[in-house]
Amino acid sequence: MPGARKIIIDTDPGQDDAVAILAAFASPELDVLAITAVAGNVGLHHTERNARAICELAGRRDMRVFAGCDRPTRRPLMEARHVHGETGLDGPDLPPPTMPLQPEHAVDVIIEILRTEPSGSVTLAALGPLTNIATALGRAPDIASRIAEIVFMGGAYFELGNVTPVAEFNIYVDPDAAADVFACGAKITSMPLDVTHRALATPERVSAFQAAGNPAGAAISQLTAFRDRQDPERYGGIGVPLHDPCVIAYLLEPDLFAGRFVNLEVETGSELTRGMTVADWWRRTDRQPNATFMREIDAEGYFRLLAERIARL
Ligand code: BDR
Ligand code: CA
């Protein structure tokens, strides 16, 4: 679509990453230039493969998928197989992908795209640990001013943590990368647990995906059913959050979300609170605002949008 917003999806699929990628493919307002895989929920060999399997599910064998960093910038990888299963995409029975993995490293591709596309025209949609993006920024600081926006799923403030008492998974896995990204000077929008925990995939909402009557809708209902089994009680037994599609929904309908432009920092040192994101919500410090930190979501509107998009695939 002419005038479509150009995005790079940086991701560690992941069931909720899969829904986000499918929703992006179904949206003509978005022009997905590349998918860059990062280690996170599971190892890189799984996440890049899962990314390709999702492309094939959506009939997008033309999409370019690149593998990036296989571990956090300064720490060993901590995976989330207890949530996403051994492959990261347990649930649906997707055939092994046959489309190729591109030979270039994802970090090189992020740098190259940002340097060759017009400045301010490419948005980074980050659905996993921020390792690839921070590495690209470290290697090529000139790209920071060329980024239209970094919209990432990660962090928590009022909601505290999902992997430690105070840390959200994507930030906890690579807090050093998050710190570098938060400080890079680009426009940043955060979709924290404060938002995602208020939009649960209830059976009714999942059945709307199924009603699409296409392979993507069927796969999503199996993906969410798998996730539901991992955490039956935690969210009151009525479904699990679908975190990562918030990033895509924000790009399509920003008014589904509300937040504040505040200072956002991350704890990288303390063993007790490592990966905790600190949002200066009440402007208690003179630290400069650097991110729009979302706090509210129109959950009905969010699921309506996702179901409507998935039905197009
Ligand atoms: C985030 O962690 C991952 O497990 C999900 O894919 C999501 O990106 C939620 O904390
Ligand atoms: Ca993810």
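Side-chain atoms are counted along with the backbone in the values below, which use heavy atoms only and exclude waters and symmetry mates. Each ligand, and each atom within it, is numbered from 1 in the order the structure gives. Along the sequence shown, residues are numbered consecutively beginning with 1.
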Look at [atom] and say which protein heavy atom is nearest, naming residue and atom and giving the distance to 0.1 Å.
atom: atom 9 (C) of ligand 1; result: E168 OE2, 3.2 Å
atom: atom 6 (O) of ligand 1; result: D16 OD1, 2.6 Å
atom: atom 4 (O) of ligand 1; result: N41 OD1, 2.6 Å

If you measure every N/O of [X] against every N/O of ligand 1, is any gap under 3.5 Å?
X: L127; answer: yes
X: D244; answer: yes
X: D17; answer: yes

Discussion item. To make sure I understand the geometry: which N, O or S atom in D12 is closest to the Ca ion (ligand 2)?
Written reply: OD1
Worksheet entry | Closest approach to the Ca ion (ligand 2) by D244, given as the N, O or S atom name | OD2
Would you call [X]-[Y] a salt bridge at under 4.0 Å N-O?
X: R295; Y: E159; value: no
X: D298; Y: R304; value: no
X: R205; Y: E300; value: yes
X: R287; Y: D280; value: no

Worksheet item: In terms of atom number and element, which parts of ligand 1 are under 4.0 angstrom from non-hydrogen atoms of M153?
Response: 1 (C), 7 (C), 8 (O), 9 (C)
Response to the item:
One finds that the ligand 1 atoms under 4.0 Å from a non-hydrogen atom of F169 are 2 (O), 3 (C), 4 (O), 10 (O)
Worksheet item: Do any pairs count as a ring-ring contact (aromatic ring centres under 6.0 Å, His included) and have a residue in residues 136-159, sequence neighbours left out, and if so which ones?
Response: F152-F182, F158-W281
Discussion item. Taking 3.0 Å as the cut-off, does L127 contribute an N, O or S atom near the Ca ion (ligand 2), distance below it?
Written reply: yes
Discussion item. Between D16 and the Ca ion (ligand 2), is there a contact where an N/O/S atom of the residue lies under 3.0 Å from the metal?
Written reply: no
Worksheet item: H197 and Y235: aromatic ring centres closer than 6.0 Å?
Response: yes
Discussion item. Check whether F293 forms a cation-pi arrangement with R260 (NZ or CZ under 6.0 Å from the six-membered ring centre, at most 45° off the ring normal).
Written reply: no
Worksheet, complete the sentence: Any heavy atom of V163 under 4.0 Å from ligand 1? The part involved is neither
Worksheet item: Is any side-chain heavy atom of R5 less than 4.5 Å from a side-chain heavy atom of E29?
Response: no
Practice prompt. Evaluate salt bridge (charged side-chain N to carboxylate O under 4.0 Å, His left out) for R64 paired with E104, printing each intermediate quantity in order.
Written response: CA-CA 10 Å; R64 297 189 311 152; E104 296 91 350; 5.5 Å; no
